[in-house]
Amino acid sequence: MVKNSPSAGRVFITGGAGYIGSVMVPILLSEGYHVTVLDNFRYGQNSLLGCCHDPRFEVVRGDCRREDLVRELIRDKDVLIPLAAMVGAPICDRNPFDATSINQQAVEMLVRVSSKAQRILIPNTNSGYGIGQKGQPCTEESPLKPISLYGRTKVAAETAVLGRGNAISFRLATVFGVSPRMRRDLLVNDFVYRALTDHAVVLFEGHFKRNYIHIRDVARVFLHGLNRFEEMKDRAYNVGLEDANLSKLELCEAIRRVLPDFVFTEAPIGEDPDKRDYIVSNGRILSTGFRPEYSLEFGIRELIRCYRMGDGVIQTNG
Ligand SMILES: NC(=O)c1ccc[n+]([C@@H]2O[C@H](COP(=O)([O-])OP(=O)(O)OC[C@H]3O[C@@H](n4cnc5c(N)ncnc54)[C@H](O)[C@@H]3O)[C@@H](O)[C@H]2O)c1
């Protein structure tokens, strides 16, 4: 049943048909928001079909770099959420023009054409903490100095948005979990796939630590930011599970607790483009009252149910 209650606000989301957007959009609709998605559907995804029944949902197939289109679509919106991006280091390295123009310049344009009264919430990657303070937990004050083009364009977008003001940036840990636009090229999603199908994985940089967060907690933290915008605005927030600052080996051990026939071994077969090896402190977002609800084990079990449907449901940005 579609709710008849008054609108909670009008939200414009670029890239709303992506991995994160396809989970976030239905949640925003269910909370009473009107949601307009601008997406070029570059992966041929059908991930928002379940939203079409809702009269509060609008969708436009188009490019977030088109200033005329963006100006027109944001005119009556209260909130702007730029998710559209070339996501991940490999796809950015293969498409450097798109990486810069979508991840960075389109956000700079959005900053320029929006009114200051419009609130902006943007996701950033925390991968740039990788090169920095070994051994010490990274806070939002730690230098974010990514090496990869992906990381650099995302940090530039965050800088533009926070520089404008009336905005929040969420520095997301590596996201895991199931979405209607399913991505396998994310560490947890990939390892669970391999554990289930190959029963084995060969790790590089197995002792390097990272932080993780479930995709539904990502959608929840955006909602939290909308609900507490005035007290949270004009800052960046790390968003990860406090109890999941795990090395790749520890992640594999967590998967093996659910899939006991999984074997893993280490070999010097690769290198992380952002040299990610860090522990993240999520103290700032926790101090605003946000609590993640989904554990790593929950996500592993959810991913297993997803992969049992076969490879037809999976996409990759790799
Ligand atoms: N998934 C993660 O682990 C993670 C972590 C940190 C930050 N983020 C950020 O979250 C956002 C969403 O990531 P995701 O995981 O959903 O990735 P995704 O690749 O699934 O989604 C990106 C979406 O943008 C759309 N898009 C691409 N180019 C476009 C263009 N020119 N015009 C309009 N739409 C376009 C794609 O069709 C897709 O729907 C990105 O900004 C990403 O940098 C993701």
Side-chain angles (χ1 to χ4, degrees), residues 12-25 36-48 59-67 69-70 73 80-92 95 97-107 109-110 120-130 144 146 148-158 161 169-190 210-219 221-222 236-241 274 276 280 299 314-318:
F12 171 72
I13 307 187
T14 69
Y19 174 67
I20 291 175
S22 303
V23 170
M24 186 187 294
V25 170
T36 299
V37 167
L38 172 63
D39 200 297
N40 65 359
F41 293 86
R42 91 171 254 136
Y43 304 104
Q45 63 268 48
N46 62 10
S47 51
L48 293 176
V59 60
V60 176
R61 184 186 184 107
D63 199 299
C64 66
R65 292 167 288 192
R66 269 189 53 197
E67 184 173 327
L69 186 58
V70 170
L73 291 173
L80 315 175
I81 303 182
L83 299 181
M86 303 295 276
V87 183
I91 197 173
C92 288
N95 304 277
F97 173 79
D98 282 345
T100 306
S101 58
I102 300 169
N103 300 10
Q104 178 178 340
Q105 291 164 351
V107 175
M109 180 267 285
L110 186 68
I120 303 184
L121 294 89
I122 190 169
N124 194 2
T125 167
N126 72 11
S127 58
Y129 287 141
L144 200 50
S148 70
L149 176 62
Y150 172 60
R152 284 185 277 122
T153 55
K154 292 297 297 179
V155 169
E158 178 192 276
V161 165
S169 173
F170 293 114
R171 294 179 180 170
L172 305 180
T174 299
V175 185
F176 64 90
V178 174
S179 162
R181 151 41 193 168
M182 191 53 203
R183 280 181 61 192
R184 213 193 89 193
D185 58 305
L186 289 162
L187 199 66
V188 181
N189 294 3
D190 184 42
R210 288 204 209 179
N211 196 219
Y212 305 91
I213 187 75
H214 190 275
I215 185 165
R216 288 189 177 270
D217 281 325
V218 173
V221 85
F222 273 77
Y237 296 85
N238 294 334
V239 183
L241 290 169
D274 276 311
R276 277 172 284 194
V280 177
I314 303 166
Q315 296 185 321
T316 177
N317 286 6

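These numbers come from a predicted model, not from an experiment. Numbering starts at 1 and runs along the sequence shown. Order of appearance sets the numbers: ligands from 1, and atoms from 1 within every ligand.
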Lys154 neighbourhood, listing ligand 1 atoms whose heavy-atom distance to it stays under 4.0 Å: 40 (C), 41 (O), 42 (C), 43 (O)
Shortest protein heavy-atom distance from atom 29 (C) of ligand 1, along with the residue and atom involved: Asn40 ND2, 3.3 Å
Closest protein heavy atom (residue, atom, distance) for atom 36 (C) of ligand 1: Asp39 OD1, 3.5 Å
N/O separation below 3.5 Å, Thr125 to ligand 1: no
Contact (N/O only, under 3.5 Å) between Leu83 and ligand 1: yes
Ligand 1 to Asn124 polar contact by distance, N or O atoms, under 3.5 Å: no
Sub-4.0 Å heavy-atom approach of Gln45 to ligand 1: yes
Protein residue, atom and distance nearest to atom 14 (P) of ligand 1, heavy-atom basis: Arg183 NH1, 3.7 Å
Nearest-contact summary for atom 13 (O) of ligand 1 - protein heavy atom, Å: Val87 CG2, 3.6 Å
Test of proximity, Thr174 against ligand 1: N or O pairs below 3.5 Å: no
Any Thr14 heavy atom less than 4.0 Å to ligand 1: no
Leu144 and Asn124: CA distance, side-chain angles, deciding distance, side chain to side chain contact (heavy atoms under 4.5 Å, CB included) verdict: CA-CA 11 Å; Leu144 200 50; Asn124 194 2; 3.8 Å; yes
Positive for side chain to side chain contact (heavy atoms under 4.5 Å, CB included) with Ser179, one of Val218, Asn189, Val23, Ile20: Val23
Option whose closest heavy atom lies nearest to atom 8 (N) of ligand 1, chosen from Tyr19, Tyr150, Phe170: Tyr150
Nearest non-hydrogen protein atom, atom 22 (C) of ligand 1: Ala85 O, 3.8 Å
For Arg65, all residues meeting salt bridge (Lys or Arg N to Asp or Glu O under 4.0 Å), sequence neighbours excluded: Asp63, Asp98
Matching residue for Ile13 among Thr36, Leu121, Val25 - test: side chain to side chain contact (heavy atoms under 4.5 Å, CB included): Val25
Numbered atoms of ligand 1 (with element) below 4.0 Å of Arg181, judged on heavy atoms: 18 (P), 19 (O), 20 (O)
Sole candidate of Leu186, Leu172, Val280, Leu187 that passes side chain to side chain contact (heavy atoms under 4.5 Å, CB included) when paired with Tyr212: Leu187
Atoms in ligand 1 flagged as close to Gly62, the criterion being non-hydrogen separation under 4.0 Å: 32 (N), 33 (C)
Shortest protein heavy-atom distance from atom 31 (N) of ligand 1, along with the residue and atom involved: Asp63 OD1, 3.1 Å
Close-contact set for ligand 1 against Leu172 heavy atoms, below 4.0 Å: 5 (C), 6 (C), 7 (C)
Minimum-distance protein heavy atom relative to atom 21 (O) of ligand 1: Gly18 CA, 3.4 Å
Contacts of Arg42 that satisfy salt bridge (Lys or Arg N to Asp or Glu O under 4.0 Å) - sequence neighbours left out: none
Protein heavy-atom partner closest to atom 44 (C) of ligand 1 - residue, atom, separation in Å: Ile20 CD1, 3.7 Å
Any N or O of Cys64 closer than 3.5 Å to N or O of ligand 1: yes
Nitrogen or oxygen atoms of Leu186 and ligand 1 under 3.5 Å apart: no
Within-cut-off N or O pair, Val175 and ligand 1, under 3.5 Å: yes
